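This report refers to the structure that appears directly beneath it.
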Amino acid sequence: MYPASFNYYRAMTLQEALNLLRQHPEAKVLAGGHSLIPLMKLRLANPPALVDIGRIAELKGIRRADGTVVIGALTTHREVEFSEELKQWCPLLPEVAAHIGDPPVRNMGTIGGSLAHADPAADYPAAMLALGATMKAVGPGGERMIAADEFFLGMLTTALQPGEILTEVHVPVLGKGTGWAYEKFPHPASRYAVVGVAVVVRVENGICREARIGITGAAPRAFRATNVEQALAGKRLDEATVRAATENMVSPEGLLSDPFASAAYRAHLCAVLTRRALLRAAERAG
Amino acid sequence: MATRYFGVAMKRREDPRFITGRGTYVDDLALPGLVYAAMVRSPHAHARIKAIHKEKALQHPGVIAVFTGKDMVDSGVKSLPCGWLLPGMKLPPHYPMAVDKVRHVGEIVAVVIAQDRYTAEDAAELVEVEYEPLPAVADGAKALQPGAPAVHDEAPDNVCFRWSIGDREKTDEAFRRAHRTVKVELVNQRLIPNAIEPRAAMAQYNPATDEYTLWVTSQNPHVHRLLLAAFVLGIPEHKLRVISPDVGGGFGSKIFVYPEETIVTWATKQVGRPVKWTARRRESFVSDAHGRDHITEAELAVDEKGKILGMRVKTIANLGAYLSTFAPAIPTYLYGTLLSGQYEIPTIYCEVTGVFTHTTPVDAYRGAGRPEATYVVERLMDVMARELGEDPAEFRRKNFIPPDKFPYQTPVALQYDSGNYEGALNKALEVIRYKELRQQQEELRKQGRYIGIGFSCYIEACGIAPSQVVGSLGAQAGLWESALVRVHPTGKVTVYTGSHTHGQGHETAFAQIVADELGIPIEDVEIIHGDTGSVPFGMGTYGSRSAPVGGSAIVLSLQKIKEKARKIAAHLLEAAEEDVVFEDGKFYVKGVPDRFKTFQEVALQAYLAHNYPPGLEPGLEASSFYDPKNFTFPFGTHIAVVDVDPETGKVKILRYVAVDDAGRIINPLIAEGQVHGGIAQGIGQALLEGAVYDENAQLLSASLLDYALPRADDLPSFEIDHTVTPCPHNPLGVKGIGETGTIAATAAVVNAVMDALTPFGIRHIDMPLTPEKIWRAIREARAA
Amino acid sequence: MRLKGSYRFQTTIDRVWGALMNPQVIARLLPGVERLEPIGNDVYEAEMRLGIGPISGRYKARITLSEIDPPNHYRIRIQAQGPQGTVDARGTIDLTADNGETVMHYEGEATVTGLLMSMGARLLEPTAQMLVNQGLKNLEAQLTSS
C-alpha cells in the first residue's frame, strides 16, 4: 500500500529537530524508518509530517565515559553488531543486535528508533532491562535521564513525552565476573521475538551476586523477571538451581497471544529461554 | 543425431535480464495517458451491500471515475466462467465486482480510476460502502452443518458437488475381511501462493480499430483471451489481444481469470484511457486463489501378511466463496485418481464433497490435488507400518507395484504406463545410509535427543492431459499444446509455443531441443511465448505439462520441418529422398558425407525457391498441435531427516534426499531448480505455512508478518538424484518435473517428525507442525 | 476478542451511574473523542481518534444503550467504522453498591474486521484492555474532581 500524504522536514542539528517538533506537534520522528515506514505503508500510522533526524551528527558515535558506554541514538544495529568497542565493553549488545531483523533492516534501523518505538517484540528492550541502561531524552523542557525500568510503559508506549527526542543510550561496562547472554525464539514469518530473554549476571567465587533478566515478546511491554532474579541471588548458577528458579516463572495471564504462539506457550518459552540464557551467562562469567 | 544440448546443464538465457533488473513485467509497462485503478475491497466476509457512495471519491482531485458491480452488470458483463464442470454441481454466478452481496473478505465492491497510483489509493478510502454484515463461515466442515450460513442461495446447504471414484461395495467388503485397519483424520491446510511478482493487468482500447490489448500476469494468455472475450465481456475473440510478458512466478495462482483483469479491460473502454492495476501484497493475500484446504478421513486395510487390501477416503474440499476457473477438478480428478500411489491396491473408494465457504476461492496450487493425495497415502502407509511394527521402508517395498505389472491399471481410473519404484527407493536408502541412521536414532534417543526419518514414495500424474479423457471428465477445454516453428531464410529459427514460461526456463530448455533436432547453434534459436497476437492458440503452463506436451508439440513441428527440408536437400543434391541422411545439421547422400548441404543452405533455398522441387510449396515453417496420449507418471522416493527439540517443539531438518524419476531430463540445472523450489514449498506446508481464518471468516494471516514462507535458513542443502525411466508415449521421453518436489516433500517431513515423536506414542499431528503444536502433543502424551 | 474485568470506585453507586449516563462525561473518558451527540433515544453518534503509539485512526461510531436498569445495569453496543476496519463491540455494565463505594463489573466481546484484524490481531486485546483501563481511570478522576 502507499502511505497517505505527508510533509517531510529534514533536521541537521538536534535543536533544529526539536524546533520542528514544536512547530509540528503531530509529526513523527524518522530515523532508520524500518518500524515506522511499514506502519505508514499499511496506513496504520498516518502522521501528517515526518521530521528526519538521520543526518544529525551529534546523535552518532560510541564512546566510553568511565564505567559507562555512551551510544548515540542514531547508531545502527549493524554498527552495534560489528563494534569492536562494544564487543569489549558491553558484548551483550552486539549479540542482541545480530538477532534484529535481517541485514537490510540492520543497515538502516537505529538503537534510538527501536527503543522509542517500543514494539512489544523488539530485541533491545530486553537487553536494556538486563543491563540497567539509562536513556537520555532531550525536549522542550531540557534534558533528562530515564532508567530502563521506567522507560517501557506499555505496548508501543514509552516514557518519552511529546516533543522529546531520545539522544543517547547509556549502558554499563561489563567487567570481570560478569556473564551475559541473549536467547531468542523468533517468529518464523516476521522473525520478531516470540520470546526473547536477555540476562546479565555478576558472579563472585561461584556465587551469583546479582542477576538481571529482561524479557521481550511475551507481554505488551518488556519486563524484568524479578522473581527469578531474587531466587538466584546468593546461589550457585548450576543446572539444578536455575531449573528450580525458572520453573513456572511466569503465568500466561496477561501475556500476548497470536495464531502462532499462545500465551501458555510463551510462558513456557520464558522458562526455557531464561534457563538457557542463565546457563550460557554463567559459563561466560567464568 | 549427436546430442549436443539435450541433457546439458546450461545456464538459462532468461536469467541475465532477470538478475540485472531488465525483465519486462506488467508493472514495468507504461502507455501514454495511462491511468491507475485501485480496488475497494470488502472488510466483511459476508454482508449485504445496502449502498455505495461515490461522491467523496469522485470529488477528490485526480480521480477520473468510480465504478461498481452494478455498472458492469448493467453494461452486459457476465459471470466469470468455470472451466471444469462436474455432473450435478451447483454453478452460482461469480461477477467481477460484487453486486448485491459480498461473500469473502477482499471481494471487490468498487474500482477507483485516477491519474496516479497514490491518488487512486487515497480515493479508494473515500468510497463509502454501507454494509449489512451477515453471519459467515470459513471452515469446510462447519459449513456443512445444519444452520450454517449459506454462501449462495443456489446451494442452501453449501454443497457445490458430491463426487466419488472407485468401487464402494468392493472396498467395504475388503475392510470387513481385513486383518488390520487404520483410520487417520487429516487436515491439508489452506495455503496462499505468494509468487514473488504480484498479479497485475494493464488494458488499452483502440476505438479506431475496436481492438483491446490486455497485458496480464497469466500462465495461459490464450485461455484468458477466450474466456474474457467470448464468455465474460462479449467482445469478438479476434479483437482482444492478450500479452503475458515476463512473469515472476505463478505456481498455479496466475492460471485463472480473475475479477481484476476483467475490470481493467472493461474499464479502459469506459474511460477512454489505458488502465493499469498492480496488486499490493496485502491484496494478493485475499484475492489470489488459495490452495489445498481439505479435511479428510482416510482408512487403510491390510491382510495378515501386511499386504494392502483396500483404501477408503472421505474428503471435504473447501472451494471458497466462488468457483475459480479450474476449482472442481483439483479435489476430484487430480486427487482421487492418485490414491493408489506406488502401491498395488485391489480396491479404493473415495468420496469428495465440494463446499462453499465465505473465504477466498480455492484452486490449483503447485501440485494441484496430487500433494493432497500423496499426503493421504503416505501418512496412511506410515501409520499402518507403525501399527504393524514394521519398518516404514520395507512395508512400502512389500506393497509396490512390481515392474512386470506395467502398464498397470489402478482401481481409480489412471493406468500407469511405466515405473520402477524399488529402484528409486533403493537409491534413496543408499544415499541416506538408512541402517546407520536408524542405529544413530536409537543412540540419540537414549541421550534424550529425538531425530526422525520420514519417507515419501510418491507418484504423480502430470503432463496434462489427453483431451478426450479430460473432456469425458468434465473439462470444458482440450489440454493439447501448439508449436509453430518458423525457419528464417538464413536458417535461424523462431519457435512460437503455446506454453508460457514464468520461471520454468523454457526459453532455454526448448531451445536446447530445437538446436539438437536441427543441428544448429543454440544462439540461432529463439523461443516466443505469451502473445496471442503472434502465438497460435495454446493452453499454457501448469500441471508440469510444458516439457511433455509443449516440448512434444515442438518436436512434431520439427519433424515436419526436417521432412520438408530433406525433400529440398534431396533436390539440391540430385539424389533420391530415401538416400539422404540428416546428421549434425547437414544433409548428405548415404556414404558420401563430403557432398552435403547445410540446414542453412536448405533454408535459404526454401525462400528463394530458385532451385526447387516441383510441386513443393516454398517457405519452411510448420505448425503442430500435440494431444498427449496419456498423462505422464513421474515417481520417486524422498527421505527427510529431522531433529525435534522436545523442550520447544522446534523442528530442524538435518537432511533431505530426493530421488526422482522424471524420464529424460532436458536441462539438469533447470530440473534441479524445479525440485529445490518444489521441496521448499512442500516443507513450507509441513512446518510453516497455513492460512488462518477466524470464526467470522476474517483472514488473520494476511501478510508476510504472520504467514511464514520458507526461507533459505529454514532449509538444509538438498541431496538430489535421479533415476531415468523414459516416458514411453511422447517423442522426447520426458515426464515433467515442476511439481514433484511439492508433491513429495510435505509427507516426507511430516512422516519424519512423527517418526521422531514415536517414543512419546503420538500418532498424528496436523500441519503446519509448529513448535507449539509439537510441544503440546508431547506434554499431553507425557501426562497420559 | 473478549474483555472483562472489574473496577472499584470510591464513591456512591448513584454518582457513578449519573456519570455513566452523562454524555459530557463519556465524551471526556477517552482522549481523542471529538464529538459525541445523542441522535435518538439512548443512541449516540461519536467521532474519535484512537490509537497507541504511532498507530492511530479516526473512527465514526454509533453507541446504543439498552436494558437500562438504573442504577444497576445496562447493555452497550458500539459500532465503529474507520478506514482501518470496523469494530462491533457488545457488552454489559453492572454496578453494585458496597459500603458507600461502587464495584463495576464489565464484560464484552467484539468482532473486528479489516486491517485492524489482519495486521493487528495480536495487539487488539491488549490495546482494548488499555483503552478500557484508561477510560476507567479517567472516569474516576472526573468523579473525584466534581
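Given the structure is predicted, the values throughout are model-derived calculations rather than measurements. First the proteins, then the strands, lettered A, B, ... as listed; each starts at 1.
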So what's closer than 4.5 Å to chain C heavy atoms on L44(A): side chain, backbone, both or neither? both
Any chance CZ of R62(C) has more than 12 other-residue heavy atoms, nucleotides or ligands included, within less than 6.0 Å? no
Name the one of S257(A), P220(A), P120(A) that satisfies side-chain contact (heavy atoms from CB on, under 4.5 Å) with P126(C)? P220(A)
Check whether more than 12 heavy atoms from other residues, nucleotides or ligands sit under 6.0 Å from atom CG of D69(C), and answer yes or no. yes
Under 6.0 Å from the NZ atom of K60(A), do we count more than 12 heavy atoms belonging to anything else shown? yes
When heavy-atom pairs shorter than 4.5 Å are enumerated against chain C, which of L256(A), L156(A), L36(A) gives the highest number? L156(A)
Let's test your reading of the structure: which of T157(A), T158(A), L39(A) forms the most heavy-atom pairs below 4.5 Å with chain C? L39(A)
Taking side chain as everything from C-beta outward and backbone as N, CA, C, O, which of these in P259(A) sits under 4.5 Å from a heavy atom of chain C? Side chain, backbone, both or neither. neither
CG of N46(A) to CZ of R49(C): how many Å apart, nearest 0.5 Å? 8.5 Å
Within the supplied structure, the quantity of interest is the number of heavy atoms (other residues, nucleotides, ligands) at a distance under 6.0 Å from E253(A) CD; does it exceed 12? no
Would you say that more than 12 heavy atoms from the other residues, nucleotides or ligands in this model lie under 6.0 Å from the CD of E143(A), or not? no
